Amino acid sequence: MTNAEIAQVFARISDLLEIRGEENPFRVRAYVRATAFLENTSHSVCKTYEEGGVRALEELPGIGKDLAGKIAELCETGKLTYLKEIEKKFPPGLLTIMEIEGIGPKKTKVLWQKFKVKSVVDLKKLARSGKLQKLKGWGEKTVQNILKGIDVQKQMAGRLSISEVLPLAEEIVDALKKTKLCEHVEIAGSLRRRKETIGDIDILATSRKPEAVMEVFCSLPHVARVTNTGNTKSTVFLKIGIDADLRVVEPDVFGAALQYFTGSKNHNVHVRKIGVRNGITISEYGVFEGSALRKGTLIAAHTEEEVYKTVGLSYIEPELREDCGEVEAAQQKKLPILITEDDIKGDLHCHSDFSDGTASMIEMAKAAKEAGLKYIAITDHASPMGMVKGIKENNIAQYLKNIEEARKKVAGIDILAGAEVDILADGKLYLPDDVLKKLDWVVVSIHSHFKQSRSTMTKRILRALQNPHVNLFAHPTARILGRRPEIECDMDAILKEAKKQKKYLELNASPERLDLSDVHCKRAKELGVKICINSDAHSVQGFDYRYGVFQARRGWLEKKDVVNTEGVGGGFKWHL
Ligand code: DGT
Ligand code: CA
Ligand code: CA
Ligand code: ZN
């Protein structure tokens, strides 16, 4: 366990003791002091324990016999029986309340003992009754903040999406780099692995002046509140509603620390196990020859490549580090060469003002060309739904004429005449075959009847894929991140049918969709189904593939697995 993790356990104990009304104030204070010590010590106490046992722990400032024993238990097992025992004495809802922004142990104690509050529901009722506001030290504003805190907590149960978090994290990294106090500043954690949702931001830096770096970090304009700050680690709560951790390490161990804090935890566990089998210990402080119990020689720490090399692995891209076969692939030198944003050469799903886009076909084509694309398919909606505009049987001639016009006006980019056709509830398509026949590129997707049963939904999609005019099944699970769940369907059956019918599946790069998911992309690749990474742009600013490419990389996709990495006519057939 890291010092920070042990500090968290101790902080929780001191809070709980305070709420319970621990009679011995020294006891509470002992935990507070130990927490502060742990947060401000760069040397791992677990290492101290491994090297010198409980004795060595007792010699640390602020750590007595009792706490030394508890640290030893945490280092050995990762858990603490004593904390479990204390927690049992509280109603579970009260532990949740304690974590609401603006409520510390003192307020929790009042709520519990004076008002018998046992849950968030109780707390809301009490706040509405007006009784809380009359208490000394609470007041209207405090109560309003608590109510707000409850809402935030509810949101926080869902994590934030990567597109909200990454630009902000990059600003923070830039601000730290500007100080010139750091040799390295890097994003770590799930954000470096480009997960679609982020629990908290992890930033790793090296500096010989950590105090100064921490000061800059804690006073950034993005910060709402400083949770704790020390020489090696600070945690702040950002205004967008997420924590950011900054860790500062010695420049010499940057690679090892970056490897450790990038995770995932399961990936690290796997890599460490290989080390152990070879008599090597891997930690955030470096790779050491010998077991953890004996002090070995440092054999690598500067770069991640070095760290992986010591255990016979080639460098593993962060997006792959989920312990989903990447370690085995690295051993066999069979890692994929992941797709990059530069590989995207065309876009096969975007909209103009013929349906719900905001720009004309000409404007969209120009913007696509500006964005460096060699071809696009304009795929306006064809849907029976409320949408007034869009492609119908009776205006297809006009639609094709407009596309022809755009081809004439915008040189240097190929424009395909496409459509995004609704898959109706029974799997029929909204446009008849003789209309589809006139198009270069047919996208189908689900925009209604999302709640069908798994078997009905699967049959519906298979039927659509069997239509000979269809080329691509767009945003296949129809999810909207944080708002609409995935439809229920048998994805394996769909992928197998797509393979059989020679159809493509989309990875929709729009940040609110990111559909297909990483796991489904990986499965598609295994089954030999090619993926199209499209923007689904509805405006001239929309030709953006960044988050889609991240997701593709997490799904192990290489350039050759993605359709629109080739020029027109390269790798897939047009009927131009
Ligand atoms: P998140 O924040 O929930 O989106 O996910 P992560 O992966 O960023 O997790 P986080 O912030 O708790 O920790 C950052 C990284 O630090 C994690 O990916 C791996 C490393 N790490 C943290 N705790 C442990 C641990 O107990 N053991 C190991 N091996 N690594 C850990
Ligand atoms: Ca994190
Ligand atoms: Ca973290
Ligand atoms: Zn669309």
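First listed ligand is number 1; within each ligand, the first listed atom is number 1. Note: hydrogens, waters and symmetry copies are ignored here, and every other heavy atom, side chains too, is used. Please read these numbers as outputs of a predicted model, since none were measured by experiment.
- Side-chain contact between I344 and I339 is present, with heavy atoms from C-beta onward closer than 4.5 Å.
- Residues Y545 and S535 have side chains in contact (heavy-atom distance under 4.5 Å, counting atoms from C-beta outward).
- Taking a cutoff of 4.0 Å between a charged side-chain nitrogen and a carboxylate oxygen, R546 and E170 qualify as a salt bridge.
- With a 4.0 Å cut-off on non-hydrogen atoms, D200 touches ligand 1 through its backbone as well as its side chain.
- For atom 9 (O) of ligand 1, no protein heavy-atom neighbour is found at a distance under 4.0 Å.
- When the options N564, D536, N534 are evaluated for a side chain to side chain donor-acceptor pair (under 3.5 Å) with H349, the one that passes is D536.
- Shown in contact with G199 at under 4.0 Å from a heavy atom are these atoms of ligand 1, numbered in order with element: 1 (P), 2 (O), 3 (O), 4 (O).
- Two residues are said to be in side-chain contact when any heavy atoms from C-beta on lie closer than 4.5 Å; V253 and E284 fail this criterion.
- Side-chain contact between T232 and V249 is absent, with no heavy atoms from C-beta onward closer than 4.5 Å.
- For ligand 1 and G263, the ligand atoms under 4.0 Å from any heavy atom of the residue are 17 (C), 18 (O), 19 (C).
- Of all the atoms in ligand 1, the ones that sit under 4.0 Å from a non-hydrogen atom of G189 are 8 (O).
- Each of the atoms 4 (O) of ligand 1 lies under 4.0 Å from some heavy atom of I198.
- Near T262, the atoms of ligand 1 lying under 4.0 angstrom from a non-hydrogen atom of the residue are 18 (O).
- With salt bridges taken as basic N to acidic carboxylate O contacts below 4.0 Å, none links K195 and E322.
- The R193 neighbourhood of ligand 1 comprises atoms 7 (O), 18 (O), with distances under 4.0 Å to a heavy atom of that residue.
- Of the listed residues (Q259, K265, R159), the one carrying the non-hydrogen atom nearest atom 3 (O) of ligand 1 is R159.
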With side-chain contact (heavy atoms from CB on, under 4.5 Å) as the test, would you mind laying out the steps for R553 and R194 before giving the verdict?
CA-CA 9 Å; R553 289 167 65 86; R194 311 305 195 199; over 6 Å; no
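- Here E5 has side-chain heavy atoms under 4.0 Å from ligand 1, and that is the only part of it that gets that close.
- A 4.5 Å side-chain heavy-atom check between E76 and Y49 finds at least one atom pair inside the cut-off.
- No cation-pi contact links K233 to F261, judged by a cut-off of 6.0 Å to the six-membered ring centre and 45° from its axis.
- For residues 34-91, the set of pairs meeting the disulfide bond (SG atoms under 2.5 Å apart) definition, not counting sequence neighbours, comprises C46-C75.
- Of all protein heavy atoms, the one closest to atom 24 (C) of ligand 1 is Y260 OH, 3.6 Å.
- Taking 4.5 Å as the limit, every side-chain heavy atom of V117 sits out of range of all side-chain heavy atoms of W112.
- Closest protein heavy atom to atom 1 (P) of ligand 1: S190 OG, 3.4 Å.
- Numbered from 1 in the order shown, with element, the atoms of ligand 1 that lie under 4.0 Å from a heavy atom of R272 read 29 (N).
- With waters left out, the protein N, O or S atoms under 3.0 Å from the Ca ion (ligand 3) add up to 4.
- Of the protein's heavy atoms, at least one falls inside 4.0 Å of atom 16 (O) of ligand 1.
- Annotation: side chain of T477 is in contact with side chain of M491 (closest heavy-atom distance under 4.5 Å).
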